[in-house]
Amino acid sequence: MEGSVRVRFAPSPTGFLHIGGLRTALYNYLFARHFDDGTFILRIEDTDQSRYVEGAEEDIIRSLEWCGMTIDEGPENPGAFAPYRQSERQELYHKYAKELIDNDQAYYAFDTTEELDQMRERLQKSGNPSPKYDAITRQSMKNSLTLPQDEVDKRLEAGEEYVIRLKVPRRETVRFEDLIRGHVSFETKGLDDQVLLKSDGMPTYHLANVVDDHEMKITHVIRGEEWLSSTPKHILLYNAFGWDAPQMAHLPLIMSPSGGKLSKRKAEEEGIPVNTKDYINQNYEPEALVNFLAYLGWSPGDDSEIHSLDELSELFTLDRVSKGGAVFNHKKLLWYNEHYLREQSDEELAERLRDIAKNKDIDLPDDETLIKAISLLKERVSKIDEILEMGDFFFKDPESYEEKALKKWKDDSGALVRQYRESIESLDSDNFEAATLKSRLEDVIEKNDVGFGKLMMPLRIAVTGQGFGPDLFASMELLGKEIVIRRLDTALEKLD
RNA sequence: GCCGCGUUCGUCUAGGGGUUUAGGACGCCGCCCUUUCACGGCGGUAACACGGGUUCAAAUCCCGUACGCGGUACCA
């Protein structure tokens with residue numbers, strides 16, 4: 001590859017970082033890291049003042065960090081091409097827009113919104129289903145191509161509002177090679193004369209994007225497929241400036257299980273967290289999200305499924321990105337989450353659980369007990385915080401008994417549990433061990449000539465309040481004699 | 001409407017003319033392990049959108065059709 005690779009993730013700060021945006025960032029990141037000297041840049045495209053959301057930029061940066069992506073150049077750590085917020089680069093866009101006017105590639109337009117609407121309406125009435133501000137119509141609009149030069153000057157001097165539009169050629173075929181899709185071509189006749197500079201002085205996406213990608217020496221533009229049909233506009237702009245366009249790669253969209261782009265509304269309806277922030281708040285494992293997202297629209301071509309961010313960087317190539325949209329599969333994400341959860345030691349999990357419990361105002365036992373509880377529970381949960389719910393009985397006496405489990409409490413259950421209680425009451429507190437507890441249970445069922453489950457289930461209900469869960473004898477050992485006896489007494493009182 | 005891009009198991013995908021009885025993963029189902037629930041192990045279910053070509057041979061190449069998605073703004 002000629003020169004070193006420079007890619008950018010260029011989100012608009014219009015809200016929390018969306019999961020689709022995160023994947024775009026990830027693919028850019030992986031692509032950059034695939035090369036020894038690749039650079040991953042964050043550029044904030046805040047040119048739409050009306051959609052700007054306070055704190056969005058911060059959210060984007062923290063989200064990327066949480067996933068383990070390091071930003072080489074961005075607003076918080078500017079490189080040689082600062083600033084990295086488009087709102088701070090306005091003079092640049094003005095300079096280049098002016099250059100285009102001077103070269104007769106663009107023009108001033110003074111039409112008001114109403115006039116534009118009128119034009120479209122008029123054209124539609126006369127049988128044009130998709131009216132354009134193009135090479136034909138611009139001849140009858142109010143712009144520096146139709147107005148006398150002195151009037152144009154007068155309007156500009158008077159501070160009248162204007163936009164700058166690109167002179168899109170009337171009939172031309174724009175072709176480019178997309179790294180993912182191959183050969184793509186568009187006819188310019190379907191395009192408007194693009195607004196480059198808006199009347200509020202801000203550039204449009206198209207101008208800012210092209211100028212910045214050029215200025216920042218971006219080599220590869222990797223973005224979502226929703227940009228594919230804008231690409232000819234960008235190619236036209238590169239040509240107008242006489243610049244080489246970067247390589248283009250348009251990623252397939254992430255789809256909702258019900259079809260269509262995974263929007264905020266759809267995702268919520270289907271129970272899919274849509275913002276990276278949600279995954280952070282809901283205690284997902286970042287490695288799981290990263291691994292899952294990487295495989296959503298890409299695969300290394302072998303049968304492997306589990307890879308760290310670094311391994312993914314090594315494996316990632318654009319030619320292995322698939323072309324079709326990829327449906328978000330929440331169950332698979334959970335599978336990844338379980339995997340990365342179980343990879344962690346009980347000690348690590350205990351430490352993290354303390355933080356989570358603190359936020360939820362839950363009291364946790366001492367480290368020794370907690371770590372043992374975790375070892376019993378972590379094979380049974382999908383997310384770390386579920387340990388708290390499933391292991392609830394380790395931390396406090398059951399307040400109620402699960403309805404479904406209660407069906408297992410039969411007429412003879414009370415008598416059996418009572419016998420067992422007597423049997424273990426004589427045990428030393430220090431001798432309250434799983435093996436002993438099990439053999440005592442065997443004694444009781446043998447004496448009564450009943451099956452294991454006859455006592456096992458009622459016992460489980462009494463001790464945990466639930467009909468499922470970790471090994472009961474290990475759990476009782478961990479709970480200790482005092483608590484177990486107390487719970488048996490309570491249950492006998494309430495249920496028998 | 002117009003323009004563009006797609007289309008292999010329910011989902012993510014491998015495979016890109018003969019190696020394919022189309023492979024893997026998630027899910028689902030069953031069995032084993034476990035007298036709970038899980039983990040784990042083993043097995044099973046299930047796909048080349050359709051129609052025409054090209055070719056000795058097509059999931060793979062070409063053309064249509066259908067369907068899906070995206071775009072069509074002084075939003076990005």
Side-chain angles (χ1 to χ4, degrees), chain A residues 10-14 21 45-51 86 109 111-113 116 120 124 128-133 161-165 178 180-182 184-187 189-192 194-206 208-209 223-233 250 252-253 255 257 259-261 292 295-306 320 322-336 338 342 376-382 390 405 408 441-442 445 451-457 459-461 464 466-472:
Chain A
S12 282
T14 56
E45 309 225 325
D46 53 349
T47 56
D48 185 353
Q49 296 168 319
S50 65
R51 293 214 296 155
Q86 291 186 328
D111 317 276
T112 63
T113 315
L116 290 172
R120 290 180 186 128
Q124 233 154 14
N128 183 341
S130 48
K132 295 265 172 320
Y133 198 122
E161 286 201 341
Y162 66 89
V163 300
I164 293 181
R165 284 181 185 269
D178 188 283
I180 293 169
R181 276 143 223 289
V184 181
S185 73
F186 286 85
E187 302 298 325
K189 69 166 180 270
L191 263 37
D192 273 286
Q194 292 300 307
V195 171
L196 267 20
L197 213 59
K198 300 186 271 190
S199 56
D200 66 358
M202 281 289 194
T204 57
Y205 171 86
H206 307 299
N209 197 259
R223 77 229 296 193
E225 194 190 341
E226 70 266 31
W227 293 109
L228 188 60
S229 34
S230 295
T231 305
K233 304 169 189 174
H250 289 90
L253 261 20
M255 315 294 277
K261 196 155 99 168
F292 168 72
Y295 273 71
L296 202 55
W298 170 86
S299 87
D302 55 24
D303 287 344
S304 65
E305 298 280 344
I306 304 292
R320 296 209 58 89
S322 39
K323 299 181 176 79
V327 175
F328 191 99
N329 184 347
H330 195 237
K331 285 227 171 103
K332 184 137 192 189
L333 203 213
L334 286 178
W335 176 77
Y336 273 114
E338 289 159 11
R342 283 160 202 162
L376 290 172
L377 292 162
K378 80 168 167 191
E379 303 290 304
R380 290 156 223 273
V381 297
S382 294
M390 187 172 279
K408 301 276 183 176
L441 183 132
E442 282 161 350
I445 63 157
F452 217 92
K454 277 285 192 190
L455 176 49
M456 193 72 169
M457 256 309 162
L459 205 52
R460 174 177 290 285
I461 296 162
T464 72
Q466 301 167 336
F468 58 89
D471 183 78
L472 187 57

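Below, chain A is the first sequence line, B the second, and so on; all start at residue 1.
Counting only heavy atoms from C-beta on, A:Thr204 has its side chain closest to B:rC75 among B:rC75, B:rG71, B:rU13. Ranking B:rG71, B:rU7, B:rU36 by closeness to the A:Lys323 side chain, first place goes to B:rU7. In the set B:rC74, B:rA76, B:rG4, B:rC74 carries the atom at the smallest distance from any side-chain atom of A:Arg120. When the nucleotides B:rA25, B:rC74, B:rU72 are ranked by their closest atom to the side chain of A:Val163, B:rC74 comes out on top. For A:Leu116, taking side-chain heavy atoms from C-beta onward, the closest of the listed nucleotides B:rC3, B:rC74, B:rC39 is B:rC74. Comparing atom distances between the A:Phe468 side chain and each of B:rC37, B:rU72, B:rG27 picks out B:rC37 as nearest. Here B:rU11 is the nucleotide among B:rG1, B:rU11, B:rU72 with the atom lying nearest to any side-chain atom of A:Val327. The side chain of A:Asp303 lies closest to B:rG24 when the candidates are B:rU36, B:rA73, B:rG24.
In this entry the distance linking CD of A:Glu379 with C1' of B:rA38 reads 8 Å, nearest Å. In this structure, A:Asp178 places its CG atom 15 Å from C1' of B:rG71, rounding to the nearest Å. Protein atom CG of A:Leu296 is 12 Å distant from nucleotide atom C1' of B:rC26, rounded to whole Å. If you measure from atom CH2 of A:Trp298 to atom P of B:rG15, you get 12 Å, rounded to the nearest angstrom. Atom pair A:Glu338:CD and B:rA25:C1' shows a separation of 14 Å (rounding to whole Å applied). In this entry the distance linking NZ of A:Lys332 with C1' of B:rU13 reads 8 Å, nearest Å. Rounded to whole Å, the distance from NE2 on A:His206 to C1' on B:rG71 is 10 Å. One can place CG of A:Asn329 at 15 Å from C1' of B:rG24, the figure rounded to the nearest angstrom.
Across all strands shown, A:Gly190 has no heavy atoms under 4.0 Å from either base or sugar-phosphate atoms. Within 4.0 Å (heavy atoms only), A:Gly224 reaches no atom of the nucleic acid at all. In this structure, A:Phe186 reaches the sugar-phosphate backbone alone: every heavy-atom distance under 4.0 Å involves primed, P, OP1 or OP2 atoms, never a base. Base contact: A:Ser130 has a heavy atom under 4.0 Å from a base atom. If you check every strand for non-hydrogen atoms under 4.0 Å, A:Ser50 touches nothing. Heavy atoms of A:Pro470 sit under 4.0 angstrom from at least one base atom. As judged by a 4.0 angstrom heavy-atom cut-off over every strand, A:Lys261 is placed among residues touching the sugar-phosphate backbone only. Nucleic acid contact for A:Ser322: sugar-phosphate only, since backbone atoms but no base atoms lie under 4.0 Å from a heavy atom of the residue. Within 4.0 Å of A:Ser199, counting heavy atoms only, lies at least one base atom of the nucleic acid. Among the heavy atoms of the strands lying under 4.0 Å from A:Gly301 are primed sugar atoms or P, OP1, OP2 only; no base atom is included. Using a 4.0 Å heavy-atom distance criterion, A:Arg223 is classed as making no nucleic acid contact. Looking at heavy-atom distances under 4.0 Å, A:Met456 makes no contact with the nucleic acid at all. Within the nucleic acid shown, A:Asp192 comes within 4.0 Å of sugar-phosphate atoms alone, with no base atom in reach, counting heavy atoms only. Within the 4.0 angstrom heavy-atom criterion, only backbone atoms of the sugar-phosphate kind lie near A:Lys132; the bases stay farther away.
With hydrogens and angles left out, the side-chain atoms of A:Ser382 and A:Glu338 include a donor and acceptor closer than 3.5 Å. Using a 3.5 Å distance cut-off with no hydrogens or angles, the side chains of A:Tyr205 and A:Asp48 do not pair a donor with an acceptor.
The side chain of A:Thr47 contributes an N or O atom lying less than 4.0 Å from OP1 or OP2 of B:rA76. Taking only side-chain nitrogens and oxygens, A:Ser299 comes nearer than 4.0 Å to OP1 or OP2 of B:rA14. The side chain of A:Arg342 contributes no N or O atom lying less than 4.0 Å from OP1 or OP2 of B:rC39. Note on A:Lys331: every side-chain N or O is 4.0 Å or more away from OP1 and OP2 of B:rA25. Contact annotation: A:Lys189 side-chain N/O to B:rU72 OP1/OP2 distance is not under 4.0 Å. Residue A:Arg320 places at least one side-chain N or O under 4.0 Å from the OP1 or OP2 atom of B:rG15.
Residues A:Phe186 and A:Thr231 have side chains not in contact (no heavy-atom distance under 4.5 Å, counting atoms from C-beta outward). Residues A:His250 and A:Arg181 form a side-chain contact, since some pair of their non-hydrogen atoms from C-beta on lies under 4.5 Å apart. Counting only heavy atoms from C-beta outward, the side chains of A:Val195 and A:Tyr133 never approach each other to under 4.5 Å. Annotation: side chain of A:Lys323 is not in contact with side chain of A:Pro252 (no heavy-atom distance under 4.5 Å).
In this model, a side-chain donor or acceptor of A:Arg380 finds a partner on the base of B:rC37 within 3.5 Å.
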